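In each ligand, atom 1 is the first atom listed, and ligand 1 is the first ligand listed. For the single chain, residues carry numbers from 1 onward in sequence order. What you are looking at is a predicted structure, and each value in this text was computed from that prediction instead of being measured.
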Amino acid sequence: MSLTSEQIKELLDENTHHDCEGVGATHVCVRIAAIAELPSRFGNFQIVAFYNNKDNKEHVALIHGDVVDAEDVPVRVHSECLTGDVIGSLRCDCRDQLESALRMIGKSDTGILLYLRQEGRGIGLINKIRAYGLQERGYDTVEANLALGFRDDEREYSVAAHMLLSMHVKSIQLITNNPKKIEDLRQHGIKVNGRIPHIMQANDHNRFYLETKVLKSGHLIDMQGKEHLPEQADPPYVEGMDPEQLDLITRLYLI
Ligand SMILES: [Zn+2]
Ligand SMILES: [Zn+2]
């Protein structure tokens, strides 16, 4: 059951004049600005659009079911990746991760995908493309990483935490392969009751990813170095990987 029109009205009303001391070191405060139905190829969602007091980024939550005052809601935090999410770039696996999470949430009784408009985890589109370009011209990781050096994870989790609090989500199960994210959200006041591994369904696209980037040992250095651009900071687990592969990719990603 999705949010009723009464629930939507209540959320919008209480957010109209919302102002608080904010969350995290940056004291970011968000307000729910609009809510609408969003049927999609991954299921029927409602979309919640947020205003925030720090920048012009309009973050959204895709929600499934009645998440208000709900416990143990499966939640995925996804950072925008224009090249991957929209264009289907093969330089990263963001689109696979996004689609897989939406499919999972679309099938659950309740679930939320927080879509954070912070390209490349906050470095911005220009810097991300700059880093791609540097890597192509053979620059070493140090130089390429200069363009990647502006990450602001603090802000990411502050915004995510406040978005969940604004929707009165009581507790969550985080969909991630990265246990560190649980701690980060907890530090921002979210009750995380558990972790749901994010297993991507095997398809032609990520099978290629898996084979070229993990199984061929010649590419392992690149995973750690110039080809590795962990925009979602989450080791990609693909359906069918054996424990050894899971362990290997986790270690490579979480360095
Ligand atoms: Zn606030
Ligand atoms: Zn990406």
Side-chain angles (χ1 to χ4, degrees), residues 11-33 48-55 57-59 61 76-102 113-133 135-136 144-145 147-148 150-151 153-169 176-178 185 188-190 198 200 205-206 208-210 212-213 222-223 226-236 238 249 253:
L11 283 174
L12 291 173
D13 284 351
E14 74 186 24
N15 274 266
T16 311
H17 301 294
H18 172 83
D19 194 14
C20 70
E21 63 176 24
V23 175
T26 55
H27 298 283
V28 68
C29 174
V30 305
R31 285 206 287 274
I32 295 176
V48 183
F50 290 81
Y51 160 87
N52 82 79
N53 64 348
K54 294 294 172 197
D55 54 35
K57 305 242 166 93
E58 298 170 321
H59 306 297
R76 173 75 183 165
V77 180
H78 185 92
S79 292
E80 176 177 33
C81 172
L82 179 82
T83 47
D85 296 345
V86 178
I87 299 163
S89 160
L90 297 174
R91 277 186 176 265
C92 61
D93 61 338
C94 297
R95 180 153 159 177
D96 279 339
Q97 296 208 17
L98 176 64
E99 289 191 3
S100 210
L102 285 174
L113 182 127
L114 299 179
Y115 192 90
L116 303 180
R117 308 288 302 284
Q118 37 204 19
E119 183 71 42
R121 292 175 73 230
I123 66 168
L125 184 59
I126 290 175
N127 280 324
K128 187 174 85 169
I129 306 302
R130 193 173 278 151
Y132 284 165
Q135 290 164 10
E136 278 155 21
N145 281 343
L148 299 171
F150 310 108
R151 296 201 173 127
D153 282 352
E154 170 70 31
R155 192 156 127 257
E156 177 178 331
Y157 292 104
S158 309
V159 170
H162 197 323
M163 288 168 80
L164 293 170
L165 295 171
S166 297
M167 295 183 286
H168 302 280
V169 175
T176 181
N177 300 327
N178 183 354
L185 271 175
H188 290 99
I190 298 301
H198 188 214
M200 293 188 289
H205 171 166
N206 54 29
F208 165 83
Y209 176 88
L210 188 72
T212 55
K213 296 243 168 126
D222 287 342
M223 281 289 289
K226 63 183 181 181
E227 285 184 2
H228 185 203
L229 201 69
E231 286 148 20
Q232 301 300 337
D234 212 332
V238 179
I249 201 162
Y253 250 73

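Residues forming a side-chain contact (heavy atoms from CB on, under 4.5 Å) with Leu165 (at least two apart in sequence, or on another chain): Ile190. With sequence neighbours excluded, the residues satisfying side-chain contact (heavy atoms from CB on, under 4.5 Å) with Ile126 are Arg130. Every residue two or more places apart in sequence or in another chain that forms a side-chain contact (heavy atoms from CB on, under 4.5 Å) with Ala101 is listed here: Arg76, Leu113, His198.
More than 12 heavy-atom neighbours from other residues, nucleotides or ligands sit within 6.0 angstrom of CD on Glu14.
Centred on the Zn ion (ligand 2), the angle running from Cys81 (SG) to Cys92 (SG) is recorded as 110°, rounding to 10°.
Taking every heavy atom of both residues into account, Leu82 and Lys128 meet most closely at N-NZ, 4.3 Å.
Below the 2.8 Å limit, the Zn ion (ligand 1) has as protein N, O or S neighbours His18 NE2, Cys20 SG, Cys29 SG, His162 NE2.
Counting heavy atoms from C-beta outward, Phe50 and Met167 have side chains that approach closer than 4.5 Å.
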